[in-house]
Amino acid sequence: MSHRTIHLFRKGLRLHDNPTLLGALVCSSALYPVYILDRVFLEGAMRIGTLRWRFILQSLEDLDARLRALGSRLYVLRGSTASVLRDLVTRWGVTQISYDSEVEPYYVSMEREIQTLAQERGLKTYTCVSHTLYDVKRIVKANGGAPPLTYKKFLHVLSVLGEPEKPVRDVSAEDFLRCVTPVEPDHKKTYRVPSLADLGLEVEFEVLWPGGETQALQRLDKHFQSQGWVANFSKTRTVPNSLLPSTTGLSPYLSLGCLSVRTFYHRLSSVYAQSKNHSLPPVSLQGQVLWREFFYTVALSTPNFTKMEGNPICLQIDWYHDPEALEKWRTAQTGFPWIDAIMTQLHQEGWIHHLARHAVACFLTRGDLWISWEEGMKVFEELLLDADYSINAGNWMWLSASAFFHKFTRIFCPVRFGRRTDPQGQYLRKYLPVLKNFPSQYIYEPWKAPEDVQLSAGCIIGKDYPRPMVCHTEASKRNLALMRQVREEQQNTAELTRDVADDPMEAGLKREMQEEEELLEGAEQHGTSKRFNGVADHKSGSWTPETLQLSGEVM
């Protein structure tokens, strides 16, 4: 049967490896590529910030240009998805709606509305899975109906399932010669991609990560020109405070589906097949893709995955409620230059290195402030270009030691961790120009600089840049005692996601990490373990913080 089909883009904003679009074209005589900009839904479900909006709009512009090159075009409409579809089905005489199947609860709810509309109007629906390597429901089924809760168990299940399917062919001009896209006379005016100004938004920062499939494929090709780099990539050897990304930088494109994860995975497989030696999961590039799949799988079958309460795999922790401290962290006013530089980069660029994410997440939660991971997750969801429902929540549970990660005594130091890889502080000078004139010996701890040094640098600590909001040594040892107590009381929950495999970040760092852990535990044993008084310690400026540098884990 030849259908008149609406293909509903949500994620999957691409023409390569798009099995849903390709299948809909094959069984249709007319196809309308549609994107519904349901702003109330998007901002309510995902807290999309302005940088992410810019990335989405650029991706839609690129998708429209690529469709036009094939003789088609994109219809962009604004409003409620359900009501817009009801109108279009009637207006265009539609007989089928196609869309990619997703795992997020809000998309699942939307799919139920589409199915209800289809039943009411006698429409067909056509769906495929293309945002993940596997249909993650198959992984859950292969594991006996429950998600594998450790990476090691997850990899075992995949070994049974075999390799993921290979990408389908690209959509071509021939497809749109046979299956036309009807064009209305006022298309450009009525169905164009809106600008940021149309949405009442403004971004002052330059574009460092242009959205769209074209950019995604160009970046992919550029990285694969160096097959040795691809084959030997190890996340443990990337630099968190490099002025240019030391990783692929493809995560925003994978998040929005501008780049197919299957295309990425199988290109990696081709490189590995030609290499005598290459890095292995979990630290290899392929291992990182599988981490993504792992969190999608666990999220699918875990109630309240993005919350602590009602989440069966997450420790229930009495986090502090401290809006003032949370705001200082969010707005890069903690008084720790390494933490504040990371948060500044996040606000300006929408991307930070994975170890930088680990540092600020540890600081907010179990390391220094003892504030809930849910609060940090919300900030990342708003500001990150690669924000992702499953990965964001999974990482925040991991980094707060609420689930998955169990070496909870290993805490990032907000001073020495950054200084180890950038002793001259070039990263800090870029993102915190107020400190740019400090000598390198003081730039990570400017409060230690003598008054004449501060005057010479043109920055008085406590006036031009804040004093540290906590004493790291005191806060971390108190929080460590609290975490020990929580884990002892909730041992059964903690064991659910405990993996017997070594933590991937330990490679090459075991001795250093053990030494730092012993230092922190020694401080804990000789200090008090009273509950940290957030208000008092935030405002205290009469202490000198220790500079323990504790490494963490990779995701």
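Between Phe417 and Trp338, the ring-plane angle classifies as perpendicular under the 30° and 60° cut-offs. By the 30° and 60° cut-offs, the orientation of the rings of Trp398 relative to Phe404 is parallel.
Sparse packing is recorded around CD of Glu202, with 12 or fewer heavy atoms of other residues, nucleotides or ligands lying under 6.0 Å away. The number of heavy-atom neighbours closer than 6.0 Å to CD of Gln491, taken from other residues, nucleotides and ligands shown, is 12 or below. Counted within 6.0 Å of CD on Glu309, heavy atoms from surrounding residues, nucleotides or ligands total 12 or fewer; the atom is thus considered open. No more than 12 heavy atoms of other residues, nucleotides or ligands sit less than 6.0 Å from atom CD of Glu165.
Looking at heavy atoms from C-beta onward, Asn479 lies out of side-chain contact with Met483 at the 4.5 angstrom threshold. Counting heavy atoms from C-beta outward, Pro210 and Arg219 have side chains that approach closer than 4.5 Å. Contact annotation: the side chain of Thr50 never approaches that of Leu196 to less than 4.5 Å [non-hydrogen atoms, C-beta and beyond]. Counting heavy atoms from C-beta outward, Val34 and Val84 have side chains that stay 4.5 Å or more apart.
If you look at Phe295 and Phe154, their ring centroids are not closer than 6.0 Å.
No salt bridge links Arg10 with Glu104; every basic N to acidic carboxylate O contact stays at or beyond 4.0 Å. Using a 4.0 Å cut-off between charged side-chain N and carboxylate O, Arg357 and Asp386 make a salt bridge. A salt bridge links Glu324 with Lys328: the closest approach of a Lys/Arg side-chain nitrogen to an acidic carboxylate oxygen falls below 4.0 angstrom.
A donor-acceptor distance shorter than 3.5 angstrom exists from the side chain of Arg14 to the backbone of Gly257, with no hydrogens or angles considered. With Arg121 contributing its side chain and Val89 its backbone, the two residues share no donor-acceptor pair below 3.5 Å.
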### Query
Does the salt bridge (Lys or Arg N to Asp or Glu O under 4.0 Å) test come out yes or no for Lys378 and Glu381, once each step is laid out?
CA-CA 5 Å; Lys378 293 171 186 176; Glu381 190 173 47; over 6 Å; no

### Task
Go through the steps to decide whether Tyr253 and Phe55 satisfy the test ring pair (Phe, Tyr, Trp, His ring centres under 6.0 Å), and finish with yes or no.
CA-CA 9 Å; Tyr253 303 95; Phe55 189 85; 5.3 Å; yes

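The distance from atom OG of Ser101 to atom OH of Tyr99, rounded to the nearest 0.5 Å, is 7.0 Å.
Applying side-chain contact (heavy atoms from CB on, under 4.5 Å) to Asp368 and the options Val470, Thr473, Thr334 leaves one that passes, Val470.
Residues Pro252 and Trp209 come closest through the heavy atom pair CG-CE3, 4.4 Å.
At a cut-off of 3.5 Å, with distance as the only test, no side-chain donor of Glu102 or His131 sits close to an acceptor on the other residue.
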